[in-house]
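Presented below is the structure to which this report refers.
Letters A, B, ... mirror the listed sequences (proteins, then strands); counts begin at 1.
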Amino acid sequence: MAKPLIEVRNLSAYYYNGKKVEKAVEGVSFQVDQGETVGIVGESGSGKTTLGRTLMRLLKPDYGEIKYSGTEITHMKEQQLRPYKKELQMIFQNPYESLSPRMKVGEIIEEPLVIQKMFSKKERTEKAFEMIEKVGLPRSSYGKTIHEFSGGQRQRIAIARALIMKPKLIIADEPVSALDVSVQAQILNLLKDLQREYSLTMIFISHDLSVVHHMSDRVAVLRHGHLLEMGEKKEIYQNPLHPYTRSLLASIPRTDPNLRHIKQEPIEVPPQSPHPPQLIDVENGHYVAADVIEIKNFEVSERKRLEV
Amino acid sequence: MSFQTYFKKLKTIFLGVVFISFLPSLLYGFDQTINLRSYTLNGKTYDLFPSIFDKYLYSMTILLGALLVGLFVAIVLTFLTSLLPNLLKRFVYGLITLFESLPDLLIVISLQLIIVYIFQKTGWLISNVTVVYDDKVYLLPILALSALPTIQLFKITFLLLNEERVKPYVTVVKAMGIGDYYILIRHVFRNVLFNLFLYFKTIFVFMLSNLFILEYVFNIHGLMMIMLSPNTFVFLISTMLITIPFLFLFEVVQSFLHKSTSSKEVEAA
Amino acid sequence: MNWKLFKQPQLLIGMLIILTLLFLSFGFQSFFTMPEEVKYLYDEDGSMIGVAPFTPTEVPPFGTDKFGRSLFHLILKGAKYTILIAFGIAILRVAAAGILAVFYHHYYNKLRTVLEDIIESTLFIPSSILAFILLAPLTVHQVQQDRGFTEILTIQCILLVLIGIPQLLSTFTKDMAKIAEKEYIISIQSLGAKPFYVYWKHILPEMASRFVLVTAQQIIQVLILLAHLGVLLIFLGGRSTFTVGDIFNEHEVFTTKTGEWAGLIGHNFQEIMLKPHTLLIPLAFFSLTIFSLNLVINGIQNHIQPTSRGGRK
Amino acid sequence: MELLDVRNLRVTFQSGKEEMEAVQDISFTVKKGETVALIGESGSGKSVTSLAIMGLLPENGRVKDGSILFKGGDLLQRSKKEMQQIRGKEISMIFQDAMVSLNPSMKIGKQITEGLKYHKITERRNLKQEALRLLSVVGFTNPSTVYHQYPGQLSGGMKQRALIAMAISCEPELLIADEPTTALDVTIQKQILELMNEYKIKTETSMLLITHDFGVVSEYADRVLVMFGGKIVEAADVFTIFNRPIHSYTRGLMNSIPRIESPQDYLTTIRDSAVENPFYKGRAFAPETYSLELKTYYSESELVEVEPGHYVRFFTEKEGVTQTWQNL
């Protein structure tokens with residue numbers, strides 16, 4: 001069994017909207033093992049972005065703890081965190097906004113090294129060129145300004161920047177949702193290639209179930225800040241237990257017009273519970289949120305499965 | 001709108017004003033006059049209470065009157081320019097820049113001179129130019145004070161209108177086959193007026209400054225003049241007299257805006 | 001900020017006017033000689049027909065003040081003081097507020113309680129009154145303690161700079177908060193950058209064009225403020241006092257020591273009804289300068305967002 | 001007779017001194033009760049086409065050539081007044097970004113009946129009743145509450161419902177939906193699309209559905225036009241497109257979406273498809289004939305009917321190509 005690289009226990013982060021306290025993430029626990037990709041699926045307002053940023057320690061969690069390869073980093077000060085930020089890197093959603101508009105491509109890609117004061121200037125340039133080629137851009141990109149690049153190319157630059165420090169963990173927050181379909185495929189392929197090459201651990205956050213399915217080994221479903229279901233990809237997609245997961249899956253448009261006459265019954269999703277749900281291991285690391293009534297249902301469905 | 005935040009802000013401002021009013025002492029040593037009964041202006045001594053309320057009312061009448069006149073004229077002007085072809089609109093915008101550049105002092109003095117000139121030519125006096133005694137004039141100060149806010153408001157509404165006209169919801173309404181003038185009046189103009197409230201604070205501060213120079217040049221014995229008298233207490237009480245109602249007004253406007261357009265960020269630009 | 005900014009015609013015209021004024025003012029000695037003071041005018045027979053101040057028609061081009069000095073020359077001479085002092089105060093205001101805003105934004109939760117009072121309350125006090133209250137005691141001190149010209153000027157400038165800071169601080173902090181929310185700033189933070197690096201390399205450069213714009217606006221505000229103070233007989237660098245009139249009708253006249261325009265307005269203020277040109281001409285130059293600055297501002301704004309201005313689509 | 005018949009439409013945009021062609025020679029028809037989908041990526045000209053039909057092109061855009069026949073009459077020949085009578089009443093449009101598509105300061109109830117009021121379809125005193133009915137048609141369970149709410153108080157899905165209510169208020173014959181669900185969550189997307197489809201079937205309204213999502217097309221469209229760089233690259237009924245896509249761009253678009261039911265380790269991109277397509281032999285969409293980034297074509301091309309009702313854009317001579325197809 002691989003060692004957990006990042007462990008999250010009972011993580012809660014709130015944000016303050018005027019006087020009101022709103023939950024962004026509440027009572028979330030999971031772990032990511034070395035080398036695996038965990039997909040986090042959630043719709044808007046599910047707290048997936050907050051979760052990603054809290055893991056990066058861009059936000060300070062209100063409760064709970066985050067352990068990075070055994071060390072607790074929850075309450076570390078910025079000074080102490082700096083070495084960890086070499087190993088944790090993030091890719092953001094919108095390549096039009098996540099790259100500084102006033103810098104040259106080369107500067108952008110080298111910036112992490114400058115910030116962490118690594119290597120000499122010459123070595124940094126060399127590394128930047130190497131990364132530019134790795135992500136499939138021409139070497140001439142180095143001296144160009146960011147305005148000359150399309151969305152897909154910009155996302156490649158963002159990936160090059162994230163990978164120049166040879167990180168261990170990548171948190172990708174909706175890295176392809178701002179891109180055209182054809183470009184999306186290229187970026188996903190690139191991410192997969194690079195993941196293999198650098199044996200990266202990855203947390204892949206997205207609203208798109210197909211993309212998460214494509215990228216991940218394990219999947220977690222987030223709704224209104226609560227973790228509802230988590231497990232191996234196969235388990236989640238073929239044997240979804242939580243009604244919310246099932247409704248998400250049923251909402252994906254089928255890409256076959258021959259199926260359109262088959263009507264799908266709408267799935268009743270229970271209202272959000274006020275407290276973070278207890279996660280129960282149903283089978284083989286397939287966790288599901290359960291209050292008392294739901295546990296009964298799961299038992300039934302499990303029994304059914306056994307009979308089959 | 002909650003009274004709690006209002007009073008909290010009021011307290012904040014009060015502390016700030018107290019600090020500012022004793023700043024001269026901090027800078028030059030403690031030799032400030034504090035007199036709770038009376039104040040001196042141009043060598044004469046006046047009772048502070050209750051006459052300060054009278055002056056206060058007078059100054060605020062001029063201020064609000066000018067604001068209303070300015071608002072009205074600005075809206076009419078914007079509406080008229082919105083009907084002009086694009087080339088003329090640019091010309092109008094150029095004119096705004098020109099007029100905007102005139103200092104308040106110039107406008108106040110010129111107005112005064114124009115009226116004297118008219119009087120000399122025709123013997124027809126629109127309004128007493130300067131006030132020597134305690135009788136009050138309204139028309140001229142209001143007109144003089146409204147000149148610059150009119151230009152500013154005109155500029156703001158003009159720019160807001162241009163911004164508003166290309167917003168997606170206008171296209172949606174157009175797609176319903178609704179006529180241009182109907183859209184302009186019922187949708188675009190309405191929202192421009194809403195957004196105008198965001199500039200309320202900016203205009204207000206600007207007008208206070210104008211009012212001050214107006215009172216000085218016209219020799220109007222109003223609240224702003226009183227503030228010039230070397231008496232710290234007068235400064236303190238005058239400022240609070242302005243703050244108490246207007247802060248309330250700002251808060252009401254803010255909460256009102258927040259309610260009707262809750263997605264919008266409310267702040268004075 | 002880049003060089004394309006200088007392709008804006010409005011900006012160029014505005015800068016040209018201001019630079020011309022400054023050029024004429026600095027080269028004053030080499031272009032002009034200060035004409036003789038004209039205190040009295042005589043007709044051909046040699047009998048006196050008028051006493052200063054004179055109107056532009058009597059003494060072209062702009063007439064004289066009450067000491068018989070040519071307004072045209074006074075204005076050109078004073079241009080450099082007026083414009084440069086306003087420039088200096090505005091730049092110092094923006095620079096100081098910009099630096100303070102970094103700290104205010106970074107330590108917002110700690111500093112807010114201290115500074116919010118002052119920032120909020122300055123909203124309700126017209127800056128002219130604020131300036132008057134702070135500067136008026138100086139004129140008394142000048143006489144009483146016989147302070148020097150430079151000392152007075154320095155104190156005045158420092159106070160004028162300080163007066164403008166609270167408002168700027170609040171706008172800059174709001175701007176910074178907006179920029180700090182942008183994804184690319186967050187992405188820089190995720191790389192483990194020190195706060196200083198983030199401000200210096202990213203947030204402040206992002207605000208550069210904003211700083212230029214605000215500086216131009218501040219120059220206008222300082223100019224208007226100076227004009228107001230001039231009317232209130234507060235002149236930069238203190239004032240010189242002359243006694244004029246005959247024994248029966250003696251009164252004091254205050255004049256400016258630097259010759260800046262606000263001083264011209266101030267010492268001619270009593271002539272408002274009789275010889276209005278002595279006020280209107282300096283004011284016209286104020287307007288010209290402000291207009292040029294407005295042109296500069298329009299140019300910058302057109303450069304920043306080319307479509308949203310001026311009825312063009 | 002077709003309800004809508006667009007013939008050889010060309011739309012250009014003036015940007016600076018340059019004139020850019022956003023839509024180049026597009027022809028298609030929409031029959032009564034039919035849903036036609038325009039599918040393409042950003043910059044394909046699909047939204048511009050819809051705006052041209054509505055007569056709502058931005059100031060710097062203009063129709064350079066072609067005709068848009070609606071019920072036999074050319075919309076491009078109509079005066080401004082006449083177009084106003086058609087917009088909203090006969091053709092109406094649902095826009096992409098519901099978040100900004102409603103007037104923030106007007107109550108929902110008032111806003112959705114603007115068309116009815118302006119066109120004097122419903123009497124003033126019945127407006128409120130009609131608004132409540134429309135709100136319940138689009139699935140609000142509490143119409144009287146929503147009636148008095150401002151757009152800022154509604155979620156994205158609810159705003160889109162309100163927009164639909166507005167679009168169908170005058171019972172138009174043609175509904176143009178420009179990416180109606182792109183900004184919404186998947187679960188909401190499904191609800192909104194179902195709602196639109198139900199309404200369409202019930203009232204026999206025709207629909208022009210503009211989207212980038214093949215999933216949406218496969219569920220709801222009758223006929224499909226695939227667009228790229230301002231041109232139609234493939235057009236057929238929905239079953240043909242999905243069962244026998246020919247053009248490599250179509251195939252590329254379809255394959256580049258990761259699929260849950262048939263997972264692949266590597267996603268086929270459009271570039272790969274261009275190489276792999278057995279039909280075109282370097283002709284239909286060879287990499288040298290187009291630029292994916294610039295969204296333009298480098299060589300001449302023509303739309304060829306390869307089987308009845310199935311059109312594909314081919315480069316070079318059409319005969320050779322058609323034969324290749326027929327030989328198969």
Under 3.5 Å donor-acceptor, D:Y118 side chain and B:G179 backbone: yes
Looking at side-chain heavy atoms only, is the closest gap between [X] and [Y] below 4.5 Å?
X: B:V173; Y: D:M106; value: no
X: D:K117; Y: B:Y182; value: yes
X: D:Q96; Y: B:P168; value: no

Intermediate values then yes/no, side chain to side chain contact (heavy atoms under 4.5 Å, CB included), B:K174 and D:M54: CA-CA 9 Å; B:K174 266 190 196 162; D:M54 291 298 287; over 6 Å; no
Nearest atoms (heavy-atom pairs only) where D:S105 meets B:R190: O-NH2, 2.7 Å
Closest heavy-atom pair and its distance - D:K80, B:D180: NZ-OD2, 2.6 Å
By a 4.5 Å heavy-atom criterion (distance strictly below it), what part of [X] contacts chain B: side chain, backbone, both, or neither?
X: D:L163; result: side chain
X: D:K81; result: neither
X: D:M99; result: neither

Greatest number of heavy atom pairs closer than 4.5 Å to chain B - which of D:S101, D:A167, D:P172, D:G55: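 Greatest number of close heavy-atom pairs with chain B: D:S101.
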State whether the number of non-hydrogen atoms from other residues, nucleotides or ligands found under 6.0 Å of [X] atom [atom1] is greater than 12.
X: B:F206; atom1: CZ; value: yes
X: D:F13; atom1: CZ; value: yes
X: B:Y56; atom1: OH; value: yes
X: B:L83; atom1: CG; value: yes
X: D:E82; atom1: CD; value: yes
X: D:E171; atom1: CD; value: no

Calculate, to the nearest 0.5 Å, the distance between atoms [atom1] and [atom2] belonging to [X] and [Y] respectively.
X: D:H119; Y: B:I178; atom1: NE2; atom2: CD1; result: 6.0 Å
X: D:M93; Y: B:M176; atom1: CE; atom2: CE; result: 13.0 Å
X: B:N191; Y: D:N103; atom1: CG; atom2: CG; result: 4.0 Å

Worked verdict on B:V172 versus D:Q111 for side chain to side chain contact (heavy atoms under 4.5 Å, CB included): CA-CA 11 Å; B:V172 174; D:Q111 203 158 160; over 6 Å; no
